[in-house]
> 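Below: one structure in structure tokens.
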Amino acid sequence: MARVRHPCTIVIKLGTSSIVHEKTHQPLLSTLSALVETVVHLRQQGHKVVLVSSGAIGVGLKRMNLASRPKSLSGKQALAAIGQGRLIALWDNLFGQLEQPIAQVLLTRGDISDRTRYLNAVNTFKELLSMGVVPIVNENDTVSVSEIKFGDNDTLSAVTSSMIHADYLFLLTDVDGLYTSNPRKDPFAKQIEVVTSIAAIRSQVSTTTLGSSLGTGGMETKLIAAEIATGAGVTTIITSSKNPESIFGIIEYHASSMKSTPGTPSESLSGRTSPTIEPSGPGTPTLTRPPHTVFTASTLPMRDLKSWTTHTLFPAGSVIIDSGAHNVLSRRESGGRLLAVGVHGVIGAFASGQAVRIVIRRQPEGSATDYPAARMPAVVETRPVTPTLVAVSSISSSVASLEPLSRSVSSASLAETKSSSVEEVNETDVVEVGRGLANYNSAQIQKVKGLNSSYMPQLLGYADSEYVVENITIRVPP
Ligand SMILES: N[C@@H](CCC(=O)OP(=O)(O)O)C(=O)O
């Protein structure tokens, strides 16, 4: 077994197909035992390890002698409730053989969409890891409903690794990496060794579900997870769950390759095999590259809060921006901050501090502009906003979103500028381009939409910040 030199924080995710047999639903004891030994050895080398374990529903199926996953949400929730206890008991039994304490952590997106609860979860992880415990995470399926679900444990593992600032996320599955096509059907399928741009690679690889009928993930969710984790600075690896001990070799291989070839490795779609790293000195053993795909971590990871906003929070409403603001926000120098002048309206009711979607309106067919003025009567908006009704300002901001709060304004110009119009906009009329944290509530943003920030103190009675939304991450560029 290779020795990993620097202590790391490592998240290892194991999917259902690696935990229970697809047909019999019996636990795959040899895989589980090998993983337990690997985790304990990693711990002995000074690493901190978190396990994200699926399998509650699979274990529940076995307990109830059912052949397949129920279709209904409540059926799945009930089976997860039945299976989770047995699953954690199984892990506790296996880890207990090697004197390794574990902890059960069940999370939902709803649990950590509140900043305080999120920080509590982070603190619990920190405390457990400093106590030498291996936290075992799963989604709290029993209380998860569609809108508060992470949806799959690939995403949950990525969010977990971003929360604890992990060095590595290992997605262990039933294939040993990402391939150019389905390796079970295509003998010419090539493994992709290194991915530096997930967006670029998405269209070129096989994302068909290669796993069993039990899990909810597949390669697509692994790409999404890799995008979240690498964006937060976590090196992400897809490899086979059959030999968990290869984790040592993979970490060692990357540590050595960084030493021998400084700089970021380039994306490889060439199917190149780079099985060895030359010894760096006499007596240094040659390293073999264990099969895997590595997604390199972003060199400019998202700030913690941004990552939290983008992936963890369930947005309470939407802020509609114009194309100028969309352009500006897509540039790094915008700092992810939105001025009122770039806002066209809001959808829903939200409080200051809540997460909001940043949306743009879909281009009406045959129109050259975002918001054709002719369609908007100039009236002062008086109606309260409902989730499906949005007040849309007739003022276009262009790139003025970077304009600072400075100028004093006359009442006349304020009255003139405040003239706005009301138009019904459905959720289907808009498309989400990013997320952020609101600095003002929906009614306040409604009041100042389309205006220069210098109007804010007058209209709101105060202006703590000139920006109406901050910590914005744009995920769909213009
Ligand atoms: N929380 C569910 C697992 C959901 C899930 O993501 O499964 P998988 O695609 O096998 O990782 C369970 O424990 O059965």
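Below, each value reflects all heavy atoms present in this structure, side chains not excepted, and no hydrogens, waters or symmetry copies. Order of appearance sets the numbers: ligands from 1, and atoms from 1 within every ligand.
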> Determine whether the side chain, the backbone, both or neither of N138 has a heavy atom under 4.0 Å from any heavy atom of ligand 1.
side chain
> Look at atom 11 (O) of ligand 1 and find which of K13, K76, K222 reaches it with the closest heavy atom.
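Among K13, K76, K222, the closest heavy atom to atom 11 (O) of ligand 1 comes from K13.
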> Looking at ligand 1, does any of its N/O atoms fall within less than 3.5 Å of an N/O of L14?
no
> Which residues satisfy the side-chain hydrogen bond (donor to acceptor under 3.5 Å, both in side chains) test with N243, sequence neighbours excluded?
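side-chain hydrogen bond (donor to acceptor under 3.5 Å, both in side chains) list for N243, sorted by chain: empty.
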> Walk me through whether D186 and S181 qualify under side chain to side chain donor-acceptor pair (under 3.5 Å).
CA-CA 7 Å; D186 179 2; S181 56; 2.5 Å; yes
> Using 0.5 Å steps for rounding, measure from the OG atom of S352 to the CD1 atom of I445.
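Reported to 0.5 Å precision, the distance equals 8.5 Å.
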> If we set the cut-off at 4.0 Å for heavy atoms, which region of T16 has an atom near ligand 1: side chain, backbone, both, or neither?
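Both backbone and side chain.
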> Contact between ligand 1 and A80 is defined here as a heavy atom of the residue under 4.0 Å from a ligand atom; is it met?
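Heavy atoms of A80 never come under 4.0 Å of ligand 1.
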> Are any of the side-chain heavy atoms of E139 and N153 separated by less than 4.5 Å?
yes
> Side chain or backbone, does N153 bring an N or O within less than 3.5 Å of an N or O on ligand 1?
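Yes, there is a polar N/O contact under 3.5 Å.
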> Looking only at distances, please establish whether an N/O atom of ligand 1 is found under 3.5 Å from an N/O atom of Q84.
no
> So, is D154 polar-close to ligand 1, with some N/O to N/O distance under 3.5 Å?
no
> What class does the angle between the rings of Y253 and H292 fall in, given that below 30° is parallel, 30 to 60° is tilted and above 60° is perpendicular?
perpendicular
> For ligand 1, which is the ligand I care about here, please tell me if I57 has any N or O atom under 3.5 Å from one of the ligand's N or O atoms.
yes
> For E432, give me all partners under salt bridge (charged side-chain N to carboxylate O under 4.0 Å, His left out), at least two apart in sequence or on another chain.
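Once residues adjacent in sequence are excluded, the partners of E432 under the salt bridge (charged side-chain N to carboxylate O under 4.0 Å, His left out) criterion are R357, R435.
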